[in-house]
Trainee: 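Before I ask anything, here is the structure I am working with.
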Amino acid sequence: MIAKPPPDRRLQLDPDELGLSEAARSFYLRGTVAVARGLIGAYLARRWRGRWYGARIVETEAYLGAGDAAAHSFGGRRTPRVEPMYAEGGTLYVFFVYGMHSCVNVVTGRAGHAEAVLLRAAEGPDGVARLLAGPGKLCAAMGITVADSGRDLVGGREVALFLRRRARRPRIGVSPRIGVDYAGEASAWPLRFFDLDSPAVSRRSSAR
DNA sequence: CACATGATCGCCT
DNA sequence: GGCGATCATGTGG
């Protein structure tokens, strides 16, 4: 049996103490851009040996499916790797790139639409932020791998997404997506969202 | 600060 | 056979 990588111990959290409640299915069934914005300030969490580990999401990108040249599902591409993108909103889509990094996405909308939100950075306790600033680093710190691809977040007992009750709306900045220069005009679409007040954003943003 | 490069391999062509 | 939804490190200004 393959051992799953543990999350960073410093990310341990108590959902009750933080005033967190799990996101319902309906959260994921709105437009992808709305979900990408709504995920700023939410907590991605993973259970490991009975305890929760997680961090507050501060940077996301929307990928808009068949019509988006930057999306893995561009043109309706449907392969075993991409298959989870076609599942119901609330499913995880994790892929492996550059021979060494995993990246985690949250699928949005109804099954068959293949849209998703890439989680690019999160904020942890002091000193851990640098570990979470970037999609590959975020996955590594959380211990998330392609073995988690296809998992359902809703009611998930291993990986879950929590919203903060009574949260103030974060101030959100917008810019083009990172690392998709090959995608023609889609590379300029304003689909990256980040918390303007977080020091943990993966790259200091130009756009304000 | 702005590039430039290497590492490393699964996936698609 | 080529390249990528990345990252760390190195160079030069």
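To find a chain, count down the sequence lines: A is the first, B the second, and so on, and within it residues start at 1. Keep in mind it's a predicted model, so treat the numbers as computed, not measured.
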Trainee: Check whether the side chains of Y43(A) and R164(A) place a donor and an acceptor atom closer than 3.5 Å, and report yes or no.
Mentor: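 Present: a donor and an acceptor within the cut-off.
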Trainee: Which atom pair, heavy atoms only, marks the closest approach of P84(A) to R81(A)?
Mentor: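 Heavy atoms only, the tightest pair is CD-O, 3.4 Å.
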Trainee: In whole Å, I'd like the distance from the CG atom of L138(A) to the C1' atom of dC7(C).
Mentor: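 Distance check: L138(A) CG to dC7(C) C1' gives 14 Å.
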Trainee: Report yes or no: is the cationic atom of R192(A) (NZ for Lys, CZ for Arg) under 6.0 Å from the centre of the six-membered ring of F194(A), at an angle within 45° of the ring normal?
Mentor: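 That pair qualifies as a cation-pi contact.
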Trainee: Starting from P on dA5(C), measure out to CD on E59(A) and report it in whole angstrom.
Mentor: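 Going from E59(A) (CD) to dA5(C) (P), I get 16 Å.
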Trainee: Can you check the N105(A) CG to dT6(C) P distance for me, whole Å?
Mentor: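 From N105(A) CG to dT6(C) P: 11 Å.
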Trainee: Validate the cation-pi geometry between R30(A) and Y28(A): distance from NZ or CZ to the six-membered ring centre under 6.0 Å, angle to the ring axis within 45°.
Mentor: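 The answer is no, since R30(A) fails at least one limit relative to Y28(A).
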Trainee: I want to verify a distance call: between dC7(C), dA7(B), dG4(C), whose nearest atom is closest to the P135(A) side chain?
Mentor: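 Selected nucleotide: dC7(C).
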Trainee: Where are the stems of DNA chain B, defined as at least 3 consecutive Watson-Crick or wobble G-U pairs with both distances under 3.5 Å?
Mentor: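 Result, WC/G-U stems under 3.5 Å: B:1-7 with C:6-12, B:9-12 with C:1-4.
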Trainee: Answer yes when R46(A) and E158(A) have at least one side-chain N-carboxylate O distance shorter than 4.0 Å, and no when they do not.
Mentor: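 No salt bridge links R46(A) with E158(A).
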Trainee: For residues 100-111 of chain A, please give each side-chain donor-acceptor pair under 3.5 Å, one per line with the distance, not counting sequence neighbours.
Mentor:
residue, atom, partner, partner atom, Å
N105(A), ND2, Y93(A), O, 3.1
T108(A), OG1, T32(A), OG1, 2.6
R110(A), NH1, E88(A), OE2, 2.7

Trainee: Nearest whole angstrom, please: distance from the P of dG10(B) to the NE2 of H72(A).
Mentor: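 One finds 16 Å between P of dG10(B) and NE2 of H72(A), rounded.
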Trainee: For a quick test of reading the model, state the closest non-hydrogen atom pair linking T60(A) to A36(A) and the distance between them.
Mentor: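 Closest pair (atom of T60(A), atom of A36(A), distance): OG1-O, 2.9 Å.
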Trainee: Starting from P on dG10(B), measure out to NE2 on H101(A) and report it in whole angstrom.
Mentor: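 Interatomic distance, NE2 of H101(A) to P of dG10(B): 14 Å.
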Trainee: Starting at OH of Y182(A) and ending at P of dC3(C), how long is that distance when rounded to a whole Å?
Mentor: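 Going from Y182(A) (OH) to dC3(C) (P), I get 14 Å.
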Trainee: Over how many whole Å does the gap from D181(A) atom CG to dT6(C) atom C1' extend?
Mentor: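 After rounding, the reported distance stands at 13 Å.
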Trainee: Report the distance from atom CE of M100(A) to atom P of dT8(B), rounded to the nearest whole Å.
Mentor: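 That distance rounds to 6 Å.
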Trainee: Determine, for Y63(A) and R177(A), whether the Lys NZ or Arg CZ falls below 6.0 Å from the six-membered ring centre while staying within 45 degrees of the axis.
Mentor: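 Yes, cation above the ring, under 6.0 Å and within 45°.
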Trainee: With the criterion being N/O to N/O and under 3.5 Å, what pairs connect the protein with nucleotides 11-13 of chain B, and how long is each?
Mentor:
residue, atom, partner, partner atom, Å
dC12(B), OP1, T79(A), OG1, 2.1

Trainee: Is a salt bridge present between D152(A) and R25(A), judged by a nitrogen-to-oxygen distance below 4.0 Å?
Mentor: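 Here D152(A) pairs with R25(A) in a salt bridge, since their nearest N and O are under 4.0 Å apart.
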